[in-house]
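Structure, as structure tokens:
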Amino acid sequence: MDEALLAQLTSSQRKAVLHKEGPLLVLAGPGSGKTRVITCRIAALIDSGVRPYNICAITFTNKAAEEMRQRAAALGASGGAHISTFHSLCVRILRRYAQAAGMRPNFSIYDAADQSKCVKQAVKDCRLDGTNFPPARMLDAISTLKNKLIDAQSFQERAEDFFSRTLSQVYTRYQQILAEQNGLDFDDLLMKVAFLLESDSTVCGELANRFRFLLIDEYQDTNHAQYRLAKALALSHGNICATGDPDQSIYRWRGADIRNILAFEKDWPQAVTVKLEENFRSTAAILRVADSLIARNKNRKQKTLVAVRTDEGRVSVEICDDEAAEADAVARQVDALLGQNVPAGQIAVFYRVNSMSRALEEAFVRHRVPYQVVRGVEFYNRKEIRDVLAYLKVLANPADEVALLRVINTPARGIGKVTVDRAKAFAVEHGLTLSEALTQADRIGGVSGAAKTKLSAFARLLDKLRQDLVGPVAPLAERVLAESGLEQSFKGTGQEGQDALENIGELINAAAAYDQQTAEPSLLDYLQQIALFSDTDAYEATSERAALMTLHAAKGLEFDHVFVIGLEDGLLPHERGSGDGDELEEERRLFFVGVTRARTNLYLSYARYRTVRGQFLRTVASPFLFELGLDQMVQDDEESEDDFDAFTEYRRTQPSPVRPRPAAAKPAEPLFAPGQLVRHKTFGLGRVQKFADLGANSVVTVQFNTGQTKSLLLQYANLSKV
DNA sequence: TTATAATTACTTTTT
DNA sequence: GTAATTATAA
């Protein structure tokens, strides 16, 4: 370990780096040099004789993993250490120990869309009404169960009330469907591995022996499955280092359990805890508001952010008329910064929901400000991309029926719904997968001769494509494009088809890049990797473009100039995340994460009116704005305000004047817009679906939380808005 | 079977 | 307001 490097660290950082054996908890505030500590720790371990091969570092995203690999390599700790996400690690383990886990290694990973198809099928198979048991709700519940490591069988044993028993049926059937198709969803990856480690001492022993030093970053956002998995891996040697910040836990809705980090010392009694409270990133002005904000959370351990930087930055609040004006103000301010030679890559705009990027993009285009929307998975959600990938998935995993059904008539080759249904029935009857059924199409009953020919032809196409599956992926994708007829079908369809082909070209480029970077490229590995891509993975840090992203995607990043827009009640905090106190605290942490990404200046804004689901509505300023303690700030900043005309200071004592509504405002809004939450004396809470404005005879259709939908006469219903 | 029209559901964050 | 599913006609 480089002495000079060690000398640069603070004493607590050094303590964390040099504590090599046994459990270690690093409670690291934002901007405390946590990443540096982890990479130095890896280097120090290797330096003291630990083989890189025995080190396993777990990060939150693939992007973070890649960065850590590079940083470690820069410290001379190159190669050999396993650095990846929990999910990627699980894929590797499941491929290696497929048999022990009771599966085949060429499994498909099902994303939200695939899951939705399967759960719909499951609901149908259980003969349930899709309206009373919405697939999305079922899927959510199943995911929660899996994150708690409750499998279908043990849930069945404990399901008592009607809803649970129904859910249990769907869960069981859903798992069957996945198993038949050799498919796993995201939660399965974790659950399977956790169970495997806990039940198979041979496998667990082998892996614990391989990964003798475990480092887990962003520990505050691990869920119960990840917690159990990590514990099982580290149990024998106790070399587990967890780093994180309870104040930055923002994935509770996804099963993250903040108690994992809070109880680390109980789980590992010999644990050494190191606190990193100094902040090297942000100016004092930013840390003051961040501190003031997060102090409002009741359920937290007291911690202060200690500023190391001595220069003053600026926090400002702009109040705009509507979202277009807000976007315009942001674009103008960014443009001004670019004029002051600030690199565009040092500017970021954060928002609560993805849909808010649209207004920003329009404004940025208008002002000719270079930008990138950090939304990597969007590309993989395009129809044509999903089509090509579905072909590849069927090739790698013939049992993957979701993928097969997607491509069987894409492009249209005369295989319609009826034919597909018959083929499915035939497969079920003979205990075959759909893929296998196609190879003996001529035996399928009730299908016309012409249809049989088409099915056989399709089966032969797959067979032909499958003949040469080994090796690089890009040539394979090209063959699929040409031989499936996709290319041909896009060629006659004008601009749209042209765009689609270009996108597919991009996909092939990406595959070629994978082929080059990977020692032993294989279709299976490629598919399993891209299934785990995240939005942040698409972020190009070196880019000369301003970054636009959600607050969630902002985790782990930092910029000189940070904009957080839409500081309105119901948006940030989001209305669906302000139910109970815990949810509100998570929204506050989310905003805290956004605020603490800023190095020098922070620009906050909100719009008095915002179009929400097509409705132009008056907004209310976010309560979080009042929690920043800006009173003080306004006084501090007042003298040097001159060059800052675009951003007016927010004053708590002086409520914003109510301006007349802009001309663009729509005529009077209906009393109850669809989507409005309402309360009824007997039916309780519900959401308005339809509102027929007929004066005194207006009819409101409300879906109540009990599941039933009622049409009520407004004058008698006595509904109150919530 | 396929293309178009009509209806209906879904609108938070994501590995 | 949009996307996706479903009904209908060609």
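Sequence lines set the chain letters: A, B, ... in the order given, protein chains first and strands last, and positions in each chain run from 1.
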Selection from [options] that lies nearest to any side-chain heavy atom of [X]:
{"X": "A:Thr61", "options": "B:dT15, B:dT13, B:dT1", "answer": "B:dT15"}
{"X": "A:Val418", "options": "B:dT13, B:dT1, C:dT5", "answer": "B:dT1"}
{"X": "A:Thr85", "options": "C:dT5, B:dT12, B:dT15", "answer": "B:dT15"}
{"X": "A:Lys120", "options": "C:dT5, B:dT2, B:dT13", "answer": "C:dT5"}
{"X": "A:Thr419", "options": "B:dT1, B:dT14, B:dT12", "answer": "B:dT1"}

Query raised in the report: Would you call the rings of A:Phe624 and A:Phe591 parallel, tilted or perpendicular, where under 30° means parallel and over 60° means perpendicular?
Result: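 Parallel, since the angle between the ring planes stays under 30°.
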Requested in this report: Look at the rings of A:Phe559 and A:Phe350 and say which category their plane angle falls in: under 30° parallel, 30 to 60° tilted, over 60° perpendicular.
Outcome: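 Perpendicular, since the angle between the ring planes exceeds 60°.
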If only side-chain N and O atoms of [X] are considered, is one of them under 4.0 Å from the OP1 or OP2 phosphate oxygen of [N]?
{"X": "A:Ser88", "N": "B:dT15", "value": "no"}
{"X": "A:Asn409", "N": "B:dT2", "value": "yes"}
{"X": "A:Asn354", "N": "B:dT13", "value": "yes"}

Query raised in the report: For A:Tyr251, which contact category applies under a 4.0 Å heavy-atom criterion: base, sugar-phosphate, or nothing?
Result: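 Sugar-phosphate, backbone atoms only, no base.
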**Report entry** A:His574-B:dT12 aromatic stacking (under 5.5 Å, under 30°)
**Finding:**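 Stacked: centres under 5.5 Å apart, planes under 30°.
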Report task. Mark yes or no: A:Arg589 above the aromatic ring of A:Phe592, with NZ or CZ under 6.0 Å from the six-membered ring centre and no more than 45 degrees from the axis. Result ->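 So A:Arg589 doesn't make the cation-pi contact.
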Report task. Run the ring-centre check on A:Tyr380 versus A:Phe533 and record whether the distance is less than 6.0 Å. Result ->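 That pair passes the under 6.0 Å test.
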